[in-house]
Amino acid sequence: MPMSQGFESRLYPILNEVADHFGTPFHIYDETGVRETGEGLISAFSGVKEFKEFYAVKALPNPAVLSIMQDMGFGFDCSSIAELVLCRKIGAAGDALMFTSNNTSFEEFQAAAAEGGSILNLDDISLIPKVPEMPELICFRYNPGPRRTGNEIIGDPVASKYGVSHDQIIDAYRTAKARGAKRFGLHTMLASNERNCEYMVQTAEMLLELAEEIADALGITFEFINIGGGLGIPYNPDDEQLDLPVMGGKIAEAFAAFEARNGYMPALYLESGRYMTGPHGVLVARAINRKEIYRTYVGVDACMSALMRPGMYGAYHQITVPSKLDSRETETVDLVGSLCENNDKFAIQRALPPISDGDLVLIHDTGAHGHSMGFNYNGKLRPKELLLKTDGTVELIRREETLEDHFATLEFPRDSIEPAAEGKP
Ligand SMILES: *Cc1c(COP(=O)(O)O)cnc(C)c1O
């Protein structure tokens with residue numbers, strides 16, 4: 001969705017002042033919106049005995065935003081050492097952390113177990129003997145393969161590198177149990193940006209059925225079922241919203257049916273990234289150039305380093321020009337950054353109000369997989385991040401990158417060898 005009306009009404013009146021003070025470009029996030037969405041999740045899943053969101057850190061790994069999640073009682077889904085370190089820095093530990101890696105290294109296993117540990121979510125049966133010390137609580141990520149069709153972004157589960165196959169899943173729990181695991185969870189992540197609530201309901205039902213099958217075979221019970229992330233948001237104003245209350249209601253029904261059959265109800269875990277923060281961020285850039293050749297190009301002072309999604313996935317992001325909201329005139333332009341890549345375009349052949357140099361341009365829905373996905377190709381630096389807090393203050397929560405940051409890895413002690421070339425390949 002285009003940023004919420006609430007966010008608009010909070011941001012537009014202060015936008016010029018914020019841009020003048022901090023300088024463009026920047027991502028700005030709306031604490032009020034994030035909290036409203038968090039409350040929405042909690043109330044949608046009030047029908048299950050225990051619900052917990054583990055915010056997918058990769059979507060927006062900024063400690064100021066993660067602290068808001070923590071304040072709402074949420075945990076964190078981490079997939080790298082850096083993400084674990086970041087969460088521990090804000091005081092999250094143990095059961096508040098879920099470690100969902102794939103192709104996991106020894107160092108990652110060590111980091112997952114360090115400093116109070118985390119809930120280990122294993123991606124493959126071959127990893128069981130590689131876990132340095134089997135924790136008491138273990139979870140596996142399940143890949144249903146041909147039993148399920150994937151959604152558009154993640155694709156066909158058969159071609160997906162993630163998770164334990166159907167034929168191996170019971171053995172996986174049996175082996176982990178034999179190595180000392182005593183408490184169990186079950187996880188999957190099959191969709192990305194999915195706005196059809198039935199898809200997530202089916203995922204929950206699939207996991208509950210599988211949990212019964214595994215439990216019957218091994219005489220274990222499941223503490224939690226984690227249905228993953230992937231809840232979608234309407235990037236395009238024409239897209240429909242995900243019906244969260246309906247989804248929550250149906251999933252609660254499935255959990256109640258499980259309880260009726262098995263005499264207990266596992267907790268429901270979710271690891272939403274995009275849904276939690278996506279609509280509550282915008283990228284603010286300033287128009288700096290205008291070029292008329294075969295098409296009209298409006299150049300802004302941000303580029304793909306701040307937002308990869310349009311270039312990488314051809315993703316649509318709503319664009320507005322706050323100073324021209326009343327303009328009835330439009331022109332069709334490509335809105336571009338400065339990278340030497342022709343896919344560095346925030347919009348292609350989009351009807352926008354006529355934009356002049358100096359105008360502020362808002363690229364919506366950058367609160368998830370925005371700044372965090374940015375890269376430094378072409379030596380382009382990532383912009384700063386700001387937080388619009390509930391009390392109305394605007395705070396710098398990450399400075400922009402500098403050339404010094406960029407060149408930091410070129411400073412190191414001299415090191416070289418003269419290989420004797422005696423070894424065999
Ligand atoms: C990326 C990711 C998520 C979050 O995905 P969203 O689409 O942002 O909800 C959750 N879990 C895992 C394992 C992921 O890799």
Side-chain angles (χ1 to χ4, degrees), residues 1 29 34 37-38 40-41 44-45 52-62 65-66 69 74-84 86-87 96-104 108 112 118-124 127 139-144 150-155 157 160-164 185-197 199-200 203-204 207 224-235 239 241-242 244 247-248 251 268-281 307-309 312-313 315 317 365-373:
M1 187 170 45
Y29 311 119
V34 170
T37 296
L41 278 186
F45 293 108
K52 187 162 175 161
E53 151 80 352
F54 288 77
Y55 180 68
V57 174
K58 73 173 189 280
L60 179 40
N62 189 298
V65 174
L66 300 182
M69 305 296 168
F74 295 170
F76 301 100
D77 185 65
C78 302
S79 303
S80 68
I81 294 174
E83 290 174 359
L84 284 166
L86 189 63
C87 291
L97 300 178
M98 176 86 89
F99 189 63
T100 302
S101 55
N102 67 90
N103 185 20
T104 314
E108 286 175 322
S118 59
I119 303 173
L120 189 57
N121 187 16
L122 285 180
D123 189 66
D124 192 49
L127 294 173
C139 181
F140 285 95
R141 177 174 184 159
Y142 172 62
N143 179 336
N151 87 327
E152 262 168 45
I153 294 191
I154 284 206
S160 150
K161 69 169 175 168
Y162 308 112
V164 180
L186 176 61
H187 167 269
T188 200
M189 164 89 191
L190 293 178
S192 183
N193 198 29
E194 180 62 65
R195 284 176 293 105
N196 178 357
C197 74
Y199 194 91
M200 299 305 292
T203 296
L207 288 180
F224 67 83
I225 301 292
N226 184 337
I227 62 173
L231 308 194
I233 59 169
Y235 284 97
D239 292 342
Q241 289 261 18
L242 170 77
L244 190 65
M247 178 178 137
I251 290 178
L268 168 66
Y269 290 174
L270 182 74
E271 42 186 49
S272 194
R274 187 189 320 272
Y275 190 84
M276 267 307 302
T277 52
H280 307 305
L307 180 68
M308 297 280 285
R309 297 189 73 260
M312 195 153 143
Y313 306 121
H317 280 256
D365 302 311
T366 66
H369 313 294
H371 187 283
S372 59
M373 213 187 251

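Throughout, numbering of the chain's residues begins at 1 and tracks the sequence. All ligand and atom numbering here is 1-based and tracks the order in the structure. Only heavy atoms go into these numbers, but all of them, side chains included; no hydrogens, no water, no symmetry mates.
Residue Gly230 places a heavy atom under 4.0 Å from ligand 1.
The side-chain contact (heavy atoms from CB on, under 4.5 Å) check on His280 picks up Asp30, Val34, Thr37, with sequence neighbours excluded.
Near Asp77, with a cut-off below 4.0 Å to any heavy atom, the atoms of ligand 1 are 11 (N), 12 (C), 13 (C). Atoms of ligand 1 lying under 4.0 Å from any heavy atom of Arg274, numbered from 1 in the order shown and given with element: 6 (P), 7 (O), 8 (O), 9 (O). Ligand-side atoms of ligand 1 in range of Ala56: 3 (C), 4 (C), 10 (C), range being under 4.0 angstrom from any heavy atom. Near His369, meaning under 4.0 Å from one of its heavy atoms, ligand 1 places the atoms 6 (P), 8 (O). Interface of Thr100 with ligand 1, defined as ligand atoms under 4.0 Å from a residue heavy atom, comprises 13 (C).
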message = As a quick check of understanding, evaluate side-chain contact (heavy atoms from CB on, under 4.5 Å) for Leu41 and Leu244, giving each step before the final call.
response = CA-CA 8 Å; Leu41 278 186; Leu244 190 65; 3.8 Å; yes
inquiry  = One pair to check against side-chain contact (heavy atoms from CB on, under 4.5 Å): Phe99 and Glu108. What are the steps and the verdict?
reply    = CA-CA 9 Å; Phe99 189 63; Glu108 286 175 322; 3.9 Å; yes
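Geometrically, ligand 1 and Arg141 share no nitrogen or oxygen pair separated by less than 3.5 Å. For a threshold of 3.5 Å applied to N or O pairs, the pair formed by Gly273 and ligand 1 contains at least one separation below that value. Here's the thing with Asn193: none of its N/O atoms is less than 3.5 angstrom from an N/O atom of ligand 1.
By the 30° and 60° cut-offs, the orientation of the rings of Phe54 relative to Tyr269 is tilted.
Nearest heavy atom pair, residue Leu307 against residue Gly370, reads CD1-CA, 3.9 Å. Considering all non-hydrogen atoms of both residues, Leu122 and Val164 come closest at O-CG2, 4.4 Å.
Within the set Met189, Glu271, Lys58, the minimum heavy-atom distance to atom 15 (O) of ligand 1 is found for Lys58.
A distance of 12.5 Å separates CE in Met98 from SG in Cys87, rounded to the nearest 0.5 Å.
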